[in-house]
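Remarks on the structure that follows.
From a predicted model like this one, the values you see are computed outputs, not experimental measurements. Naming: A, B, ... by sequence-line order, numbering from 1 per chain.
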Number of protein chains: 2
Amino acid sequence: MADWREITGGITAPRGYKAAGIKAGLKPSGLPDLALIVSDVDAIAAGVFTTSYVKAACVDYCKERLQLKQSCRAILCNAGQANAATGEQGMADALESAELLAKELNISPELILIASTGVIGQRIKMDGMRSGIPKVVKALTETGSEAAAGAIITTDLVTKAIALETNIGDRTVRIGGIAKGSGMIHPNMATMLGFVTCDAAVSPHLWQQMLSRAADRSFNSITVDGDTSTNDSLIALANGESRTPAITEMGAEAEKLEAMLTAVCQHLAKSIARDGEGATCLIEVQVTGAVDEHAARQVAKTIVGSSLVKSAIFGHDPNWGRIAAAAGRAGVGFEQENLRIQLGDFLLMENGQPLQFDRAGASGYLKQIAANSSLPGNLTASNMSNDLDIDRNTVPQQRVDNPVIIRVNLGNGHGSGQAWGCDLSYDYVKINAEYTT
Amino acid sequence: MADWREITGGITAPRGYKAAGIKAGLKPSGLPDLALIVSDVDAIAAGVFTTSYVKAACVDYCKERLQLKQSCRAILCNAGQANAATGEQGMADALESAELLAKELNISPELILIASTGVIGQRIKMDGMRSGIPKVVKALTETGSEAAAGAIITTDLVTKAIALETNIGDRTVRIGGIAKGSGMIHPNMATMLGFVTCDAAVSPHLWQQMLSRAADRSFNSITVDGDTSTNDSLIALANGESRTPAITEMGAEAEKLEAMLTAVCQHLAKSIARDGEGATCLIEVQVTGAVDEHAARQVAKTIVGSSLVKSAIFGHDPNWGRIAAAAGRAGVGFEQENLRIQLGDFLLMENGQPLQFDRAGASGYLKQIAANSSLPGNLTASNMSNDLDIDRNTVPQQRVDNPVIIRVNLGNGHGSGQAWGCDLSYDYVKINAEYTT
């Protein structure tokens with residue numbers, strides 16, 4: 001069972017962090033667009049970045065920095081321009097931003113990581129960045145998480161934040177996180193960003209290992225439409241300000257910390273999946289009976305990524321055939337005579353053959369989850385303003401609703417894994433077809 | 001250049017073949033649902049089948065048969081029930097069907113191949129099959145291609161057929177083909193079937209090699225929504241009735257034959273992509289500058305399968321960013337500084353950076369292709385009858401329109417490859433969400 005409790009405060013819940021989000025004039029809408037997260041002391045830093053061969057300047061920048069030294073004091077993130085496909089000038093802009101922030105914070109630029117989200121092919125508006133950096137530094141507070149969360153979003157309907165706390169020895173350790181991402185609503189606005197803060201002391205190598213595994217079990221296990229961005233970045237800091245003894249190898253304490261880190265990442269990832277464009281509900285696929293966790297996750301991701309399964313859920317259709325077909329083509333071997341499929345509490349298929357089941361009841365289960373899933377209103381092309389941002393004054397914070405649960409047993413081993421996604425609605429097509437560049 | 005000419009006659013254009021399609025009462029609609037293709041003499045047979053781990057009985061049956069002996073006289077195909085996820089009884093039904101047809105044709109059952117398409121989880125209606133087999137044998141004619149093509153379709157808007165002819169030595173050689181498939185319109189009706197006849201004499205091993213390569217360059221290079229079926233089958237017969245010398249190894253004649261076989265398969269595959277549910281146009285992605293053909297095709301398939309690219313095309317949006325992002329995540333390495341993207345005649349990106357281009361002109365290019373692409377009318381949930389078949393009396397034959405052409409150069413080698421798909425429209429979601437089981 002989960003050995004932690006949810007607390008308030010997001011990324012500023014852990015000790016020794018400040019954050020801010022301000023309007024720097026980068027988004028045409030004038031909404032907040034520059035976020036800063038600062039640790040009082042040098043923090044251990046780990047990162048997981050897009051695997052795309054088309055990458056933004058900030059991704060190259062961060063990967064280089066972290067390769068040299070796994071240490072960080074500040075993360076600067078702009079929204080509005082992705083600074084991807086911008087060539088050498090894009091990298092020069094990233095470097096200049098880091099230099100300016102370093103001067104303002106009076107630290108080495110090597111301790112700064114950078115992220116961008118916005119339109120691919122557009123450079124950061126450097127005028128706004130130059131005048132924004134002193135302002136965002138001045139705005140730093142110990143309760144700045146929500147402001148930062150609001151400044152990194154683009155077409156998101158809600159902000160995404162979480163903080164958890166657990167005991168290690170006689171002290172508490174906290175992990176907080178914020179994220180942005182809502183599928184691919186805006187042309188070229190695909191970026192998924194996650195920033196995590198932690199006040200435990202962890203060795204750099206172990207922290208990176210933990211983050212990579214947590215990313216596989218969270219951000220890498222969600223799919224909105226299968227497209228991967230040029231800017232996807234997940235950065236996690238651990239600054240030791242909890243004053244707990246340093247965790248340097250796997251063991252009970254490390255496992256506890258990793259479980260909580262994974263829970264933070266999963267919450268953020270599910271929030272992103274739920275905020276998928278046009279989505280009416282979150283879908284969770286749980287696969288068991290695979291040879292290992294990787295195989296199980298592969299099947300889970302294929303099912304939750306199937307356009308057919310997604311549109312069946314949108315139509316409240318308990319369609320075992322589409323689930324079975326998606327499982328079969330996931331590239332993971334199994335005997336179809338052993339396949340078992342469950343939707344909520346309804347057993348749809350056993351021993352590879354369809355069962356008689358309460359079709360109306362199963363459809364009702366899907367209807368009820370959609371009815372109980374609430375977001376501020378589905379985003380459509382018409383309620384998006386012309387300048388990347390949805391029309392809104394305040395951005396509500398994410399609440400992750402109960403998901404539709406699909407359980408699949410392959411009868412092939414003891415590996416299990418999960419994946420999350422959302423249904424496929426008319427609005428998805430509407431948003432992506434009508435909101436042209 | 002293509003060294004063949006198009007002729008009429010479909011699968012009965014090659015010498016020594018007869019075909020038929022009749023109403024056997026398998027489809028609830030009463031439309032034709034049982035097809036038969038017969039060679040006058042034993043033909044060499046090759047097959048390519050679904051790679052899904054959830055397979056129909058007929059797929060297991062054919063794979064076993066062809067493993068024992070690459071020889072065939074007849075292909076029997078029913079529409080209405082997929083006979084997948086039907087367990088041992090499903091295999092017994094397939095065997096019984098083969099036995100009955102063997103008696104009727106007075107040949108060994110080992111010379112019969114079987115295919116099914118329809119609802120997963122439903123056994124073949126054996127009453128209809130038993131009474132239908134003598135009827136379909138009686139209906140065989142040397143001009144029966146279109147009748148057979150009409151009896152294998154389910155939710156297709158059009159039948160798919162082609163025949164080509166070339167010279168080998170002083171004689172002509174012909175290849176004909178029919179196919180069915182239109183994406184995944186009906187729940188669990190995903191099947192893609194292709195049947196090819198040829199009157200050349202080819203050694204079994206070589207014929208299988210040619211078909212496997214042709215399948216990679218055609219049926220395996222299309223995507224409607226990424227889902228692979230339980231029943232997908234491509235079967236090709238070569239009966240030697242052209243009386244040309246047997247082709248037993250690669251060389252000029254074999255290459256000529258393989259090129260024509262590939263052209264037949266590509267025509268059929270493009271017809272299927274164009275008939276994708278709710279599609280308004282065909283999309284062709286041509287990738288060059290890859291390390292090899294496989295890598296090029298991988299990138300082409302990823303682009304044409306991207307929901308974002310597909311919905312941009314539907315919205316007439318010349319969105320280079322989505323194309324670049326899809327190329328980047330295809331799992332094929334390249335330097336983004338070398339990336340070049342062209343839409344029709346419009347150059348959108350060069351050296352990895354976006355260009356200024358005539359946006360209105362590029363959008364007009366997409367509009368014009370969609371306007372010139374004609375199918376009998378987009379299929380919607382409301383014009384589908386309740387019993388798997390669209391509402392129609394006559395089924396028009398496919399005409400493959402000009403596709404939208406996307407050209408991508410990775411600047412990384414000399415490999416090239418193509419893939420085909422269709423755009424993503426409101427109707428796709430409508431059909432898949434509203435037409436529940």
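For residues 331-339 of chain A, heavy-atom neighbours of chain B at less than 4.5 Å comprise A:G331, A:V332, A:G333, A:F334, A:Q336, A:L339, sorted by residue number.
Taking CE of B:M349 as the start and CD1 of A:I120 as the end, the distance is 8.0 Å to the nearest 0.5 Å. Summarising the geometry, atom CZ belonging to A:R329 is positioned 10.5 Å from atom OG1 belonging to B:T50; distances are rounded to the nearest 0.5 Å.
In terms of heavy-atom proximity, A:G352 sits nearest to B:A85 at O-CB, 3.5 Å. Shown here for B:A325 and A:S52, the closest heavy-atom pair between the two residues is O-OG, 4.4 Å. Of all non-hydrogen atoms in A:P354 and B:G121, the two that sit nearest each other are CG-CA, 4.0 Å.
Pairs of residues two or more places apart, or lying in two chains, that qualify as salt bridge (charged side-chain N to carboxylate O under 4.0 Å, His left out) and include a residue from residues 297-309 of chain A are A:E293-A:R297.
At a 4.5 Å heavy-atom cutoff, the contact between B:T86 and chain A is made by backbone atoms alone. Looking at A:S363, neither its backbone nor its side chain comes within 4.5 Å of chain B, counting heavy atoms on both sides.
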